[in-house]
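These notes concern the structure reproduced below.
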Amino acid sequence: MLPVDLKPESFAAWPHEARALITSQLDGVRPLPLAFVPSLLRQLIDYDYSFPAERAVLERELRALATLTPAQRDQWFSAFTAISTPTPLQESDWINQPAQFVEQQAAWLWSTHQLDAFRKAAVDYGDKLAKQTQPPPPPLQRLGIAVIGKGVTQCDAPLFRNLRKQGTWFTQVSFDGALQSLLATVEQRALAHPLPFAHWYVDGGPSLPHPPGITSVSYDALAPLRGTLLKKMQSDIARPGMGPEELRTRLARITPADLDMGNAADPVLSRFQIRLFTEGSGTQIYSTTFAQWTAREILRRAQALTLLVRYAPRQRQRPMNELIAGKQSEAETDPTGSLLDGDMGAWYQWIDQQRLPGSGQAAFLAWFEGHNQAVAIGPAMPHAAESHSPLDMP
């Protein structure tokens, strides 16, 4: 089947909201080349389990495609049309399994030396789409917070070296009640702007008490899920011929039903939690990797207005087979190494925040937990400045 043959009944097996969206926009999708359409369907099929920000992006894209004239469509997609697609891929179930199509398409493009042409076509399409679908500004100043170094009593290594260049480094911050002040700030923002999946608290250990208006993801709270997935990974790795690519494919296809999470209270959040472990590398094992990857995905997918990430000590590095098979509760932790992980994670968090709309007005704070060092970035903060005056977290 080719895109031109698509009909509403072609999507009978899709989730309800995704089916309604794609069938309402079929006129804009049918004229598009097969080399492109499954990549679009790969995102659309998960519409029911997407965050509001992701839904808005998809809706803007579909509206833009629907408004293209035939001449504009030729200009946008001629490079995709020139890419060949083998008959087995054309005859595959790319409507209901678009992710598998995209995966097999990548191998075909590489083997036929078309990968560079496809990549260029995709980049050019993204540039054209970005010019035509400007996202609205955020409803309030975006705020990111990174808390690093839990459990570290002393550290002589210079912290926040990259972040200091972007804002002001404070060396005399009182840490009495500082963590509670940060959580209170997240709570106040959530109460003032009660938008779904807009205000987040991520903890690399057990989460602190917080109000229901904040979406929370905790490494310790997800221990049962991590354990189940690690057992699946062990079982798959033991199979003859199992390689990293096949393992990645198997993990990517896991659904909540496979993990007895089919009746989760929030299907959007439960799918997100699963993907943190099936798409991230090391998130199942290291709490600092989990915190860093979760922050990245929250900013990329949910476009959080408020994001507090608190790093906790991870286990020490050991051979990978031991890490996958061992009991993490008995593992020795590495607080100092985790501090350095968190320092780099805070830098990445700020970079990811700067990719979002309203970045010029966004604010960011990184704090060495239990110590006097913090760095603040925002429109009112001088770059590469230092302050040695005593002050509290508020």
For [X] and [Y], indicate whether the former's side chain and the latter's backbone hold a donor-acceptor pair under 3.5 Å.
| X | Y | value |
| --- | --- | --- |
| Thr288 | Ser338 | no |
| Thr294 | Ala291 | no |
| Ser359 | Arg355 | no |
| His199 | Phe197 | no |
| Trp108 | Ser84 | yes |
| Trp110 | Gln114 | no |
| Ser10 | Leu6 | no |
| Gln105 | Ala35 | yes |
| Thr168 | Ile377 | no |
| Trp14 | Ile95 | yes |

To the closest 0.5 Å, what do you measure between [atom1] ([X]) and [atom2] ([Y])?
| X | Y | atom1 | atom2 | value |
| --- | --- | --- | --- | --- |
| Glu17 | Tyr49 | CD | OH | 9.5 Å |
| Gln132 | Leu68 | CD | CG | 6.0 Å |
| Leu34 | Leu89 | CG | CG | 8.0 Å |
| Leu143 | Leu307 | CG | CG | 9.0 Å |
| Leu356 | Arg300 | CG | CZ | 11.0 Å |
| Leu308 | Ile214 | CG | CD1 | 8.0 Å |

If you count every heavy atom of other residues, nucleotides or ligands that lies below 6.0 Å from [X] atom [atom1], does the total exceed 12?
| X | atom1 | result |
| --- | --- | --- |
| His113 | NE2 | no |
| Tyr125 | OH | yes |
| His388 | NE2 | yes |
| Arg42 | CZ | no |

In the structure I gave you, are the side-chain heavy atoms of [X] and [Y] within less than 4.5 Å of one another anywhere?
| X | Y | result |
| --- | --- | --- |
| Gln97 | Ser92 | no |
| Pro139 | Leu195 | yes |
| Gln284 | Thr289 | no |
| Tyr348 | Arg296 | no |
| Leu44 | Leu58 | yes |
| Phe368 | Phe175 | no |
| Val217 | Phe290 | yes |
| Gln373 | Trp367 | no |

Could you pull out all residues at least two apart from Glu187 that satisfy salt bridge (charged side-chain N to carboxylate O under 4.0 Å, His left out)?
none
Glu369: which residues meet the salt bridge (charged side-chain N to carboxylate O under 4.0 Å, His left out) condition with it, sequence neighbours left out?
Arg310
Under a 3.5 Å threshold, yes or no: a donor from one side chain and an acceptor from the other, between Tyr219 and Arg226?
yes
Within the 3.5 Å criterion, strictly below it, is a donor on Thr306 or Arg189 matched to an acceptor on the partner's side chain?
yes
Does a salt bridge link [X] with [Y], judged by any charged N lying under 4.0 Å from a carboxylate O?
| X | Y | value |
| --- | --- | --- |
| Asp48 | Arg271 | no |
| Glu386 | Arg164 | no |
| Asp334 | Arg314 | yes |
| Lys120 | Asp124 | yes |

Before giving the answer on ring pair (Phe, Tyr, Trp, His ring centres under 6.0 Å), spell out for Trp293 and Phe272 the whole-Å C-alpha distance, their side-chain angles and the decisive distance to 0.1 Å.
CA-CA 12 Å; Trp293 181 262; Phe272 176 72; over 10 Å; no
Could you list the donor-acceptor pairs under 3.5 angstrom formed by side chains in residues 145-163, with sequence neighbours left out?
none

